[in-house]
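Start at 1 with the first residue, then count along the sequence.
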Amino acid sequence: MNITFTETAIDRITPLLAEDDAVLNLVFDTEDCGCSVNGVPTLWIVSKANEEKLVAETNRFTLTYKAKDEIFFEENMTIDFHEKNKSYILKSNNQIYNASMSLINKK
């Protein structure tokens with residue numbers, strides 16, 4: 001998986017990761033829906049990369065994800081930040097996965 005962060009997203013995320021070895025984790029969050037096909041893409045900040053997770057190729061940050069979640073995403077995606085909504089956007093050339101994606105600190 002290849003994730004490109006826009007400059008706007010980089011500017012917003014950098015201060016949140018600057019203090020330690022925290023990494024981003026792209027999660028297909030199914031906790032509240034009870035069904036693995038009805039999840040919502042969410043970004044988590046975690047303390048360190050888990051050996052069980054895959055690492056995406058990115059232009060800036062370390063981003064991990066579960067192998068089982070890979071089927072829900074395309075090979076090339078972009079993470080942007082929408083100033084008006086104060087939320088992140090996960091998108092590809094073919095679709096928007098989440099137009100109001102949360103960034104949750106799970107450290």
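Side chain of Ser102 to main chain of Ile104: no donor-acceptor pair is present (N/O by atom type, distance under 3.5 Å, no hydrogens or angles). A distance-only check finds a donor-acceptor pair linking the side chain of Asn98 to the backbone of Pro41 [under 3.5 Å]. The backbone N or O of Met1 sits less than 3.5 Å from a side-chain atom of Glu75, completing a donor-acceptor pair. A donor-acceptor pair under 3.5 Å links the side-chain atoms of Thr42 to the main chain of Val40, judged by distance alone. Under a 3.5 Å cut-off, the side chain of Tyr97 and the backbone N or O of Glu74 do form a donor-acceptor pair.
In this structure Tyr65 satisfies the side-chain hydrogen bond (donor to acceptor under 3.5 Å, both in side chains) test together with Glu70, sequence neighbours excluded. With sequence neighbours excluded, the residues forming a side-chain hydrogen bond (donor to acceptor under 3.5 Å, both in side chains) with Asn25 are Thr64, listed by chain and number. Every side-chain hydrogen bond (donor to acceptor under 3.5 Å, both in side chains) that Glu83 has, sequence neighbours left out, goes to Lys86. Lys84 meets the salt bridge (Lys or Arg N to Asp or Glu O under 4.0 Å) test with no other residue; sequence neighbours excluded.
Here the closest non-hydrogen pair linking His82 and Ile89 is CB-CD1, 3.7 Å. Nearest approach of Val46 to Lys107, heavy atoms of both residues: C-CG, 3.9 Å. A pairwise comparison of heavy atoms in Ser87 and Ala99 identifies OG-O, 3.5 Å as the closest pair.
Within the structure, salt bridge (charged side-chain N to carboxylate O under 4.0 Å, His left out) contacts touching residues 90-101 (residues at least two apart or in different chains) are Asp80-Lys91.
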**Request:** Would you please test Lys66 and Val27 for side-chain contact (heavy atoms from CB on, under 4.5 Å) and show each step?
**Result:** CA-CA 7 Å; Lys66 290 182 181 178; Val27 178; over 6 Å; no
**Message:** Would Ile45 and Leu103 count as a side-chain contact (heavy atoms from CB on, under 4.5 Å) here? Give the steps.
**Reply:** CA-CA 7 Å; Ile45 298 174; Leu103 176 60; 3.7 Å; yes
**Prompt:** Between Arg12 and Tyr88, is a side-chain contact (heavy atoms from CB on, under 4.5 Å) present by the stated rule, with each step listed?
**Reply:** CA-CA 10 Å; Arg12 296 293 294 207; Tyr88 295 87; 3.4 Å; yes
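When the shell of 6.0 Å around CG of Asn85 is examined, it contains more than 12 heavy atoms from other residues, nucleotides or ligands. Crowding of Ile96 atom CD1: a count of heavy atoms from other residues, nucleotides or ligands under 6.0 Å not exceeding 12.
Taken from OG1 in Thr62 to CG in Leu24, the straight-line distance is 8.0 Å, to the nearest 0.5 Å. A distance of 6.0 Å separates CD1 in Ile3 from CG in Leu90, rounded to the nearest 0.5 Å.
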Enumerate, atom names and distances included, each donor-acceptor pair closer than 3.5 Å involving a side-chain atom of residues 53-60, sequence neighbours excluded.
unit_1 : atom_1 : unit_2 : atom_2 : d
Thr58  : OG1    : Arg60  : N      : 3.2
Thr58  : OG1    : Phe61  : N      : 3.2
Thr58  : OG1    : Phe61  : O      : 2.4
Asn59  : OD1    : Phe5   : N      : 2.7
Asn59  : ND2    : Phe5   : O      : 2.9

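Taking the side chain as every heavy atom from C-beta outward, Leu63 and Leu43 approach each other to under 4.5 Å.
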